[in-house]
Amino acid sequence: MAVSEISPSYAGSRALPPNDLSSRPINPLLAFKNRRPSLPCSARRIPRILCSVSPNQVQAPVLSATPAGAASKRECFGVFCTTYDLKAADKTKSWKGLINIAVSGAAGMISNHLLFKLASGEVFGPDQPIALKLLGSEKSFLALEGVAMELEDSLYPLLREVSIGTDPYEVFQDAEWALLIGAKPRGPGMERAGLLDINGQIFAEQGKALNDVASRNVKVIVVGNPCNTNALICLKNAPNIPAKNFHALTRLDENRAKCQLALKAGVFYDKVSNMTIWGNHSTTQVPDFLNAKINGMPVTKVITDIKWLREEFTERVQKRGGVLIQKWGRSSAASTAVSIVDAIRSLVTPTPEGDWFSSGVYSMGNPYGIAEDIVFSMPCRSKGDGDYELANDVIFDDYLRERIKKTEAELLAEKRCVAHLTGEGNAYCDLPEDTMLPGEQ
């Protein structure tokens, strides 16, 4: 039997001896939709693509035999021998067209919660079939296989395709949503400037890949820290994609702020609205209690302890992640995944009348007097079409403006630190202070 082997640099093939199957090296970079069965299902190999469908949605596939000696044919591996005609099954009378969702850091803890929410229909709706494109590293590839196998075993009807790989230029092909989670955590003794450079290089490369192969209207949510400046680097390296399509995740900070206000006021969190996180996803972020509302009333009318709002409330939100690490021994994963879901749903469902949500967005042309050409968390509203507009019915006082200026200064300094990654000349770092990311010790 001849077995195809795919190399990292070219899609060539060579014939391997028939008795060498158990030790045959397999490169996992490419995912293929069409398989030809020739190996028994007990001969496990690296999965390229998985498909979950309900029995009444497809007919039993017709399998064709592989011609003897056809070394160039893609061979199936174990349980993945049986595949479906995805193109024929993409559309039904009641379902929408398939959308492609790329996720980096797909073998990590956050993704382990997020991917199953995406596949279940919780995010895009019960009539929206999806294809998941999962990006990992060579080191994490076995774990990535395990994630893909679990997704297959879950039998989600809406999950039409799962592909896995380590090359963003392949994984991001035709992506309509890109959820960029993977990033290097800050290690002991690492300066913030060092983290900016290391992760900045990752997001510069991913921005170039998105620019080359993703949908021209791809929506990008950057989760990997420092997420604001990583989002700026990513968009600067993707000039063919609208800068407005890039977001830095600050929704978890918003959710934490709503929780703290609800606890203090003795109400359920759904009574809290118009909560804004201004600025950077760091301990300079500004949870805005001036514009927030509880039961439609200004927070300052419900919680009259201004000292608590300025000090304890603000600090709790800024340092909530660090407290969680102390309690549990690891950073937040499930709540981060939930906040990614919330962020997406805020863009694909209309914002309730009078409310808004927080997202780190490109500041060019903002109405608040915030410095331009940075990614800054601000209050947004959406019509549910994936786009957004900045809220214009926002009030400021001297205290709020002072806090906003501090987080703005930090983001401007971060931008100077990564100038070599954004095409703006030589970088130099003059960070005002070595502030921490939420959750860092």
Side-chain angles (χ1 to χ4, degrees), residues 6-11 26-35 46-52 74 77 80 83 86 90 98-108 110-112 114-116 118-119 123-124 129-152 159-184 199 201-224 230-231 233-235 237-238 240-241 245-247 337 340 344:
I6 307 303
S7 79
S9 57
Y10 69 97
I26 298 172
N27 186 287
L29 295 184
L30 301 178
F32 300 101
K33 292 185 179 180
N34 298 316
R35 307 294 169 78
I46 291 177
R48 301 301 198 282
I49 193 163
L50 307 151
C51 183
S52 298
R74 278 42 167 175
F77 303 102
F80 307 104
T83 58
L86 298 177
D90 278 347
L98 185 79
I99 59 173
N100 295 308
I101 305 167
V103 182
S104 75
I110 295 172
S111 295
N112 195 41
L114 174 65
L115 295 175
F116 297 87
L118 292 168
V123 184
F124 291 97
I130 67 170
L132 287 176
K133 298 168 167 285
L134 308 183
L135 179 67
S137 64
E138 294 290 351
K139 184 182 294 186
S140 69
F141 196 81
L142 289 178
L144 194 60
E145 284 186 290
V147 171
M149 291 172 71
E150 278 208 278
L151 284 166
E152 183 190 41
L159 183 58
R160 312 306 292 169
E161 175 183 336
V162 175
S163 57
I164 57 179
T166 59
D167 184 351
Y169 287 87
E170 293 170 356
V171 175
F172 292 168
Q173 187 74 42
D174 300 322
E176 294 158 276
W177 287 84
L179 312 178
L180 306 184
I181 300 171
K184 181 179 176 62
N199 281 336
Q201 294 179 48
I202 295 172
F203 285 88
E205 183 65 17
Q206 291 184 356
K208 292 173 184 176
L210 288 167
N211 193 65
D212 284 358
V213 302
S215 162
R216 297 301 81 187
N217 197 35
V218 61
K219 303 297 189 294
V220 183
I221 298 180
V222 176
V223 182
N230 286 342
I233 293 168
C234 198
L235 73 87
N237 283 275
N240 296 331
I241 297 170
N245 288 16
F246 290 79
H247 298 257
I340 297 170
I344 297 171

Could you tell me whether the side chains of Asn217 and Asn245 share a donor-acceptor contact shorter than 3.5 Å?
yes
Do you know the tightest heavy-atom contact between Val162 and Ala148?
CG1-CB, 4.1 Å
Would Leu114 and Ile181 count as a side-chain contact (heavy atoms from CB on, under 4.5 Å) if you check the C-alpha gap in whole Å, the side-chain angles of each, and the deciding distance to 0.1 Å?
CA-CA 10 Å; Leu114 174 65; Ile181 300 171; 3.7 Å; yes
How far does CZ of Phe203 sit from CG of Asn237, to the nearest 0.5 angstrom?
12.0 Å
Considering all heavy atoms, the nearest Ser111-Gly105 contact
OG-O, 2.9 Å
For a 4.5 angstrom cut-off between non-hydrogen side-chain atoms, does Asp212 reach Phe172?
no
Within this structure, what is the CD-CD1 distance for the pair Gln201 and Ile233, rounded to the nearest 0.5 Å?
9.0 Å
Can you name the nearest heavy-atom pair linking Ala102 to Ala175, along with the distance?
CB-CB, 3.9 Å
Got a donor-acceptor contact below 3.5 angstrom from the Glu176 side chain to the Asn100 backbone?
yes
Would you indicate whether the side-chain heavy atoms of Leu135 and Leu144 approach each other to under 4.5 Å?
no
Residues Trp177 and Val218: closest non-hydrogen pair is N-CG2, 3.9 Å
Residue pair Glu150 / Asn112, side-chain heavy-atom distance below 4.5 Å
yes
For Arg160 and Leu132, indicate whether the former's side chain and the latter's backbone hold a donor-acceptor pair under 3.5 Å.
no
Are the side chains of Phe116 and Leu151 in contact, using a 4.5 Å heavy-atom criterion?
yes
What's the separation between atom CG in Leu115 and atom CD1 in Ile110, rounded to the nearest 0.5 Å?
11.0 Å
Closest non-hydrogen contact found for Leu210 with Arg216 is O-NH2, 3.2 Å
Find the distance between CD1 (Ile130) and CD1 (Ile99) and round it off to the nearest 0.5 Å.
7.0 Å
In Å and rounded to the nearest 0.5 Å, what is the OG to NZ distance from Ser104 to Lys133?
14.5 Å
Between Phe246 and Ile221, is any pair of side-chain heavy atoms under 4.5 Å apart?
no
Taking the side chain as everything from C-beta on, heavy atoms only, tell me whether Tyr169 gets closer than 4.5 Å to Glu205.
yes
Under the criterion side-chain contact (heavy atoms from CB on, under 4.5 Å), which of Leu179, Ile340, Val147 is the partner of Val103?
Leu179
With a 4.5 Å heavy-atom cut-off, do Thr166 and Ser137 have their side chains touching?
no
Once rounded to the nearest 0.5 Å, what's the spacing between atom CD1 of Ile164 and atom CE of Met149?
10.0 Å
